[in-house]
Student: 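Before I ask anything, let me first share the structure, which is written out below as structure tokens.
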Amino acid sequence: MRRYAATVARRLKRHYPDATCSLHFRSPLELLVATILSAQCTDERVNQVTPGLFEKYRTAADYARVPQEELEAAIRSTGFFRNKAKNIRACCQTLLQQHGGEVPSRMDALVALPGIGRKSANVVLGTAFGIGVGVVVDTHVTRVSRRLGLTEHKDPEKIERDLMALFPKSQWIDLAHAMVHHGRRICTARKPKCGACPFGDICPRIGVPN
DNA sequence: CTCCCGATAT
DNA sequence: ATATCAGGAG
């Protein structure tokens, strides 16, 4: 299984060598906000909203004092806009009260923020700070990992443990980015392009829908 | 488990 | 019409 995982890692690296976070951001705070917006929403849609958002609100203090309805209107098209606006505001209020207005670079502090779960914390740690304390397990990583037979689990935290056991820590950040890109381009949820898949010869679920 | 929710592909 | 999109909270 470890040998198989190494093969998967090598091919992912070969086919998605420049895979990186596709959310647009210039600071840990911008990535934190973009990550909250990305829940059940395409990164492409988030990237249409964030330029105007980041121009208008620059600091945690800006988000902490913006009226709820004003922020809702600015992020409406990303869906779940009431929850997301509430979380961004509460999140930034906590940043001001407990972290000097800065985004913390520790897992325990990040997951304690309202609206930030383990997945979002892993995104911020890995992409903004270069710290791979875990593996980002989102909808794409879940689907790709299961189809490739790297895990049998459905619970993201159990999938994360399986991936952490199968791949060396040095690969965790790039691994998730590559899997996300693979999940978007080839191993799609609805109609996977198995004919064009680089794992066509080794995938246990090649041609098997869902 | 349910709810939150708009935009897009199928 | 329905499934899905870099989820999280109650």
Side-chain angles (χ1 to χ4, degrees), chain A residues 12 16 18-25 28 30-50 52-53 68-69 71-95 103 107-129 131-148 150-151 153-160 163 172-195 209-210:
Chain A
L12 280 172
Y16 308 98
D18 302 316
T20 180
C21 181
S22 51
L23 293 168
H24 296 164
F25 68 98
E30 288 190 352
L31 180 59
L32 186 75
V33 172
T35 303
I36 290 175
L37 295 180
S38 75
Q40 296 289 270
C41 177
T42 60
D43 282 11
E44 189 181 349
R45 172 63 52 185
V46 174
N47 288 336
Q48 290 173 12
V49 164
T50 48
L53 195 68
Q68 172 73 16
E69 303 87 48
L71 188 53
E72 285 181 3
I75 66 172
R76 169 176 261 285
S77 68
T78 66
F80 297 160
F81 60 90
R82 293 187 187 86
N83 279 339
K84 288 175 182 177
K86 179 157 53 70
N87 286 335
I88 290 169
R89 297 200 320 146
C91 203
C92 287
Q93 284 161 12
T94 303
L95 291 186
V103 177
M107 174 62 79
D108 56 354
L110 283 167
V111 296
L113 296 171
I116 304 298
R118 190 172 174 86
K119 175 262 169 183
S120 295
N122 271 327
V123 169
V124 172
L125 285 173
T127 303
F129 297 114
I131 301 171
V133 299
V135 178
V136 175
V137 179
D138 72 328
T139 181
H140 295 297
V141 174
T142 297
R143 184 178 62 254
V144 170
S145 297
R146 286 175 54 80
R147 284 182 176 162
L148 281 173
L150 296 170
T151 184
H153 292 295
K154 292 184 176 176
D155 174 22
E157 296 205 13
K158 292 181 180 175
I159 294 173
E160 185 177 359
L163 296 178
W172 291 352
I173 295 174
D174 290 340
L175 177 75
H177 284 147
M179 279 193 180
V180 169
H181 282 256
H182 182 61
R184 280 202 190 117
R185 318 234 268 251
I186 305 290
C187 197
T188 53
R190 289 259 197 132
K191 190 183 154 203
K193 300 170 176 61
C194 297
N210 298 327

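Please read these numbers as outputs of a predicted model, since none were measured by experiment. In what follows, every chain begins at residue 1, and chains take the letters A, B, ... in the order their sequences are listed.
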Student: Can you tell me if the side-chain N/O atoms of R143(A) get under 4.0 Å from OP1 or OP2 in dC5(C)?
Tutor: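 True: R143(A) side-chain N/O within range (under 4.0 Å) of dC5(C) OP1/OP2.
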Student: Atom CD of Q40(A) and atom C1' of dC3(B): how far apart are they, to the nearest Å?
Tutor: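 Atom CD in Q40(A) sits about 12 Å away from atom C1' in dC3(B).
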Student: Find the distance N83(A):CG to dA9(C):P and express it as a whole number of Å.
Tutor: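 Nearest whole value for this atom pair: 10 Å.
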Student: Between R118(A) and E160(A) (salt bridge meaning N to carboxylate O under 4.0 Å), is one present in this structure?
Tutor: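 Between E160(A) and R118(A) there is a salt bridge, with a charged N closer than 4.0 Å to a carboxylate O.
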Student: OP1, OP2 of dC5(B) versus side-chain N and O of R82(A): anything below 4.0 Å?
Tutor: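 Indeed, a polar side-chain atom of R82(A) lies that close.
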Student: So, does the side chain of R190(A) form a donor-acceptor pair with the base of dA3(C) at under 3.5 Å?
Tutor: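 Yes, a donor-acceptor pair under 3.5 Å.
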Student: Just checking E44(A): does its CD atom have more than 12 heavy atoms from other residues, nucleotides or ligands closer to it than 6.0 angstrom?
Tutor: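 No, CD of E44(A) has 12 or fewer neighbouring heavy atoms, counting only those of other groups under 6.0 Å.
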Student: Using atom C1' in both nucleotides, what's the gap between dA7(B) and dA9(C) to the nearest angstrom?
Tutor: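 Approximately 23 Å lies between the C1' atom of dA7(B) and that of dA9(C).
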Student: For P156(A), report the nucleic acid contact type (base, sugar-phosphate, nothing); a contact means any heavy atom under 4.0 Å.
Tutor: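 Contact class for P156(A): none.
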Student: Expressed in angstrom and rounded to an integer, what is the separation of Q48(A) atom CD from dC5(C) atom C1'?
Tutor: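 Taking CD of Q48(A) and C1' of dC5(C), I get 13 Å after rounding.
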Student: What's the gap between dA3(C) and dC5(B) when it is taken at their C1' atoms, as a whole Å value?
Tutor: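 One C1' to the other, the span is 14 Å.
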Student: Does R184(A) place a side-chain N or O at less than 4.0 Å from the phosphate oxygens OP1/OP2 of dC5(C)?
Tutor: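 No.
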Student: For R143(A) and T188(A), does a side-chain donor sit closer than 3.5 Å to a side-chain acceptor?
Tutor: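 No - no donor-acceptor pair under 3.5 Å links their side chains.
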Student: Taking the side chain as C-beta and beyond, is there a heavy-atom pair between T142(A) and K154(A) under 4.5 Å?
Tutor: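 No. Closest side-chain heavy atoms not under 4.5 Å.
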Student: Please work out if L37(A) contacts a base, only the sugar-phosphate, or nothing of the nucleic acid, heavy-atom cut-off 4.0 Å.
Tutor: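 Since no nucleic acid heavy atom lies under 4.0 Å of L37(A), the category is nothing.
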Student: If you check the A189(A) side chain, which of dG7(C), dA6(C), dC5(C) turns out closest?
Tutor: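 Nucleotide nearest to A189(A)'s side chain: dC5(C).
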Student: Quickly work out the K191(A) NZ to dT10(B) P distance and round it to whole Å.
Tutor: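 Rounded to whole Å, this separation is 7 Å.
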Student: Please tell me whether H182(A) and Y16(A) form a close aromatic pair, meaning their ring centres lie under 6.0 Å apart.
Tutor: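 Centroid distance H182(A)-Y16(A): below 6.0 Å, so yes.
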Student: Could you check how far NZ of K84(A) sits from P of dG7(C), rounded to whole Å?
Tutor: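 So the two atoms are 9 Å apart, to the nearest Å.
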Student: Does R76(A) place a side-chain N or O at less than 4.0 Å from the phosphate oxygens OP1/OP2 of dC5(B)?
Tutor: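 The answer is no; no side-chain N or O of R76(A) sits under 4.0 Å from OP1 or OP2.
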Student: How far, in whole Å, is dC4(B) from dT4(C) if one measures between their C1' atoms?
Tutor: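 dT4(C) and dC4(B) have their C1' atoms separated by 15 Å.
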Student: Taking the side chain as C-beta and beyond, is there a heavy-atom pair between V124(A) and F129(A) under 4.5 Å?
Tutor: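 Yes, side chains in contact.
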Student: Whole Å only: how far is the NZ atom of K86(A) from the P atom of dC5(B)?
Tutor: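 Whole-Å distance recorded here is 9 Å.
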Student: Would you indicate, yes or no, if dG7(C) has its OP1 or OP2 atom less than 4.0 angstrom from a side-chain nitrogen or oxygen of S38(A)?
Tutor: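 No, S38(A) has no side-chain N/O under 4.0 Å of OP1/OP2 on dG7(C).
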Student: Using whole Å, what does the distance between atom C1' of nucleotide dA7(B) and atom CZ of F81(A) come to?
Tutor: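 Atom CZ in F81(A) sits about 13 Å away from atom C1' in dA7(B).
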Student: Categorize I36(A) for me: base, sugar-phosphate, or nothing, with a 4.0 angstrom heavy-atom threshold over every strand shown.
Tutor: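 The residue I36(A) makes no contact with any strand.
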Student: Any base atoms under 4.0 Å from T78(A), or only sugar-phosphate, or nothing? Heavy atoms, all strands.
Tutor: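 The answer is nothing, as T78(A) stays clear of every strand by at least 4.0 Å.
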Student: Give one of base, sugar-phosphate or nothing for T35(A), where a contact means two heavy atoms less than 4.0 Å apart.
Tutor: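 Nothing, no nucleic acid heavy atom in range.
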Student: For the base of dC5(B) and the side-chain ring of F80(A), does the geometry meet a stacking cutoff of under 5.5 Å between centres and under 30° between planes?
Tutor: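 Stack criterion not met.
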Student: What's the CZ-P distance between R45(A) and dA9(B), to the nearest Å?
Tutor: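 Answer to the nearest Å: 10 Å.
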